[in-house]
Amino acid sequence: MVLGRCFTSLGIPITHSPLFHQARPNDYSETLISLQQAISFHKHWDIDPVAVYKHWLQDTHPRDEL
């Protein structure tokens, strides 16, 4: 939110998305999480952030890079 305010004050457009999750994955219904492609999670106490990344966010399909 702070970054959004800073960007807005500088005239830089920002994007809001319901895929920016504001809590830990286990704070959400498993059904809700399974229906969305998560972009981010916050609040990493009592969980391993690397495990969260690997489970929910890591791209499992390798891409051809130029």
Side-chain angles (χ1 to χ4, degrees):
M1 287 178 7
V2 173
L3 288 175
R5 288 183 191 168
C6 291
F7 289 144
T8 299
S9 72
L10 295 171
I12 300 171
I14 58 171
T15 301
H16 173 75
S17 170
L19 303 178
F20 295 137
H21 296 293
Q22 298 297 312
R24 302 169 298 170
N26 57 342
D27 292 332
Y28 293 95
S29 153
E30 190 170 323
T31 302
L32 174 67
I33 296 295
S34 68
L35 294 174
Q36 299 178 343
Q37 174 76 36
I39 293 175
S40 66
F41 290 101
H42 302 275
K43 301 179 183 174
H44 290 288
W45 67 82
D46 294 330
I47 60 173
D48 177 8
V50 174
V52 169
Y53 171 78
K54 287 180 178 180
H55 181 79
W56 295 102
L57 305 171
Q58 187 173 30
D59 189 1
T60 58
H61 304 290
R63 293 181 247 169
D64 292 331
E65 300 291 334
L66 296 177

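Predicted model, so just to flag it, every value in this text is computed and none were measured.
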Please identify each residue that fulfils side chain to side chain contact (heavy atoms under 4.5 Å, CB included) with [X], with sequence neighbours left out.
| X | value |
| --- | --- |
| T31 | S29, L35 |
| L10 | I12 |
| D46 | R24 |
| Q58 | Y53, K54 |

